**Q** 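Pasting a structure here, questions to come.
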There are 2 protein chains.
Amino acid sequence: MKPDSKLSGVLHVLLHMLGMKSPATSEQLARMMGTNPVVVRRVMAGLRKQGLVASAKGHGGGWTVSCDPASVTLADIYKAVGEPTVIAMGHRSQMPGCLVEQSVNHALDEAFREAEAVFQKHLNAVTLSALSEDFNRRLAERGQTLEQQSHAV
Amino acid sequence: MKPDSKLSGVLHVLLHMLGMKSPATSEQLARMMGTNPVVVRRVMAGLRKQGLVASAKGHGGGWTVSCDPASVTLADIYKAVGEPTVIAMGHRSQMPGCLVEQSVNHALDEAFREAEAVFQKHLNAVTLSALSEDFNRRLAERGQTLEQQSHAV
DNA sequence: TTTCATGTAACAACATATGTTACGTTAAAG
DNA sequence: CTTTAACGTAACATATGTTGTTACATGAAA
């Protein structure tokens, strides 16, 4: 099945934005994510609604981070991108009268619920700044500067 | 996103088959799952390959359970249906050179891995016979017999 | 030899996510 | 005050994957 990559993509651009001084345009972010500016606006709109980023129109405009990275977790961002489905499996049909269906659904739902809970718990445990620090650690290990890490332009 | 329902569907028909004396045809099972006989054969073929069910051609043929329900877990069946993806999320792209990508992927992969492990663990803990017993318990609570629980024909 | 069943390949339909175009709006620059 | 750079958004197009369907071959029992 086709995995949803909104969370991955948005984290990618957020980390880049944390290292930028001036607003980033949708066009720049789109290049980082390997996609289209409109797609960027679409997903960033969700973050803006949660107050995580701000956008400015017109000349010199673009996107800026408007939250404290230390107090925003991956769970917040997951929520901001619309809480895409975590579990790729479901039930075939809703035959509420069939007791077999009820047994099967009950057993599977429990497994789904547990898996999703663990996932959410992990997202809650990681802040944006923790991610950013992890990135900077990798940068240091490589002995590179932020500029050398730029994407293809 | 579109959830995969092979595991759910196959468990449904297996539970029904456990309560049947004679072989079940793909057509009967298809009605139970609300789908097409060919789809049934497709998914049942995986179970047959693992020795969980057997099929017989010709007059009076059909599908029979050929395993001990007490020693087969939902994990075995999950495997038999091709181990469909559990997690509905992934990474946007493979930009191995980008350290931001590496940080993000690492953080998310860990969450995905943990969630999937919990899921598998739960499947391992439930046997087919346990599911069947759960069904019979529900049946008893309702004061019904197996026959009254038949699907729409 | 007819009927009932599986086995399988090939094709069609459908759903979803993603990408793209087009046009409107806003704001700074000149 | 016109041009340019940016976002906002709706509408449409494309791609992909899953499921459903048709068609035909094979095998076994009546």
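Below, each value reflects all heavy atoms present in this structure, side chains not excepted, and no hydrogens, waters or symmetry copies. Letters A, B, ... are given to chains in the order of the sequence lines, protein chains preceding strands, and every chain is numbered from 1. No experiment lies behind these values; they were computed from the predicted model shown.
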**Q** Within this structure, what is the NZ-to-C1' distance between B:Lys6 and D:dT19, rounded to whole angstrom?
**A**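 In whole Å, D:dT19 C1' lies 9 Å from B:Lys6 NZ.
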**Q** Mind calculating the distance between CG (B:Leu7) and P (D:dT18) to the nearest angstrom?
**A**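 Whole-Å distance recorded here is 15 Å.
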**Q** What is the separation between atom CE on A:Met44 and atom P on C:dT18, rounded to the nearest whole Å?
**A** 16 Å
**Q** For C:dG7 and B:Ser55 - does any side-chain N or O of the residue sit under 4.0 Å from the phosphate oxygens OP1/OP2?
**A**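 The answer is yes; a side-chain N or O of B:Ser55 sits under 4.0 Å from OP1 or OP2.
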**Q** Nearest whole angstrom, please: distance from the P of C:dC4 to the CD of B:Gln28.
**A** 14 Å
**Q** D:dT22 P sits how many Å from B:Glu27 CD, rounded?
**A** 13 Å
**Q** Given atom CH2 of A:Trp63 and atom C1' of D:dC7, what is their separation to the nearest angstrom?
**A** 7 Å
**Q** Can you identify which nucleotide, out of C:dG7, D:dC7, C:dG19, has its nearest atom closest to the B:Lys57 side chain?
**A** C:dG7
**Q** Testing the basics here: between A:Val81 and A:Lys6, what is the closest heavy-atom pair and its distance to 0.1 Å?
**A** O-CE, 3.7 Å
**Q** From C:dT6, C:dA9, D:dG8, pick the nucleotide closest to the side chain of B:Val38?
**A** C:dA9
**Q** Is B:Ser26 close enough to C:dT6 that one of its side-chain N or O atoms is under 4.0 Å from OP1 or OP2 there?
**A** yes
**Q** Just to be sure I understand the rule, does A:Ala45 reach a base, reach only the sugar-phosphate, or reach nothing, if contact means heavy atoms closer than 4.0 Å?
**A** nothing
**Q** Output the single nucleotide from D:dC7, D:dT22, C:dT6 whose closest atom is nearest the side chain of B:Asn36.
**A** D:dT22
**Q** 5'-most contact on DNA chain D: A:Ala24 or A:Lys2, nearest heavy atom basis?
**A** A:Ala24
**Q** Does the side chain of A:Ser5 get closer than 4.0 angstrom to OP1 or OP2 of C:dA17 through an N or O atom?
**A** no
**Q** D:dG20 P sits how many Å from B:Met33 CE, rounded?
**A** 7 Å
**Q** Ignoring backbone atoms, establish whether A:Thr35 has a side-chain N or O less than 4.0 Å from OP1 or OP2 of C:dG19.
**A** yes
**Q** Does any non-hydrogen side-chain atom of B:Leu29 lie less than 4.5 Å from one of B:Met44?
**A** yes
**Q** Whole angstroms only, please: what is the CG-P distance between B:Asp4 and D:dG17?
**A**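 Rounded to the whole Å, the gap is 14 Å.
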**Q** Compare the minimum distances between each of C:dG19, D:dT21, C:dG7 and the side chain of B:Arg48, then state the nucleotide with the smallest one.
**A** C:dG7
**Q** Would you mind checking if A:Arg137 and A:Glu141 are paired as a salt bridge, meaning a charged N to carboxylate O distance below 4.0 Å?
**A** yes
**Q** Establish whether the base of D:dG20 is bridged to the side chain of B:Arg42 by a donor-acceptor pair shorter than 3.5 Å.
**A** yes
**Q** So B:Arg138 and A:Ser103, side-chain contact (heavy atoms from CB on, under 4.5 Å) or not? Walk me through it.
**A** CA-CA 8 Å; B:Arg138 289 169 194 265; A:Ser103 281; 3.3 Å; yes
**Q** Evaluate the ring planes of A:Phe135 and A:His16, with Trp represented by its six-membered ring, and classify them as parallel (under 30°), tilted (30 to 60°) or perpendicular (over 60°).
**A**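 A:Phe135 vs A:His16 ring planes: tilted.
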**Q** Between D:dT21, D:dG27, D:dA29, which nucleotide has the shortest distance from any of its atoms to the side chain of B:His59?
**A**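 Side chain of B:His59 sits closest to D:dA29.
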**Q** Same hydrophobic cluster for B:Leu99 and A:Met20, using side-chain heavy-atom links shorter than 4.5 Å among ILVMFWY?
**A**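 Result: yes, single cluster for both.
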**Q** Looking across every strand, which nucleic acid part, if any, lies under 4.0 Å from A:Gly62 by heavy atom: base, sugar-phosphate, or nothing?
**A**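 Here A:Gly62 touches the backbone only, sparing every base.
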**Q** Taking only N and O in the side chain of A:Arg41, is any of them less than 4.0 Å away from OP1 or OP2 of D:dG8?
**A** no
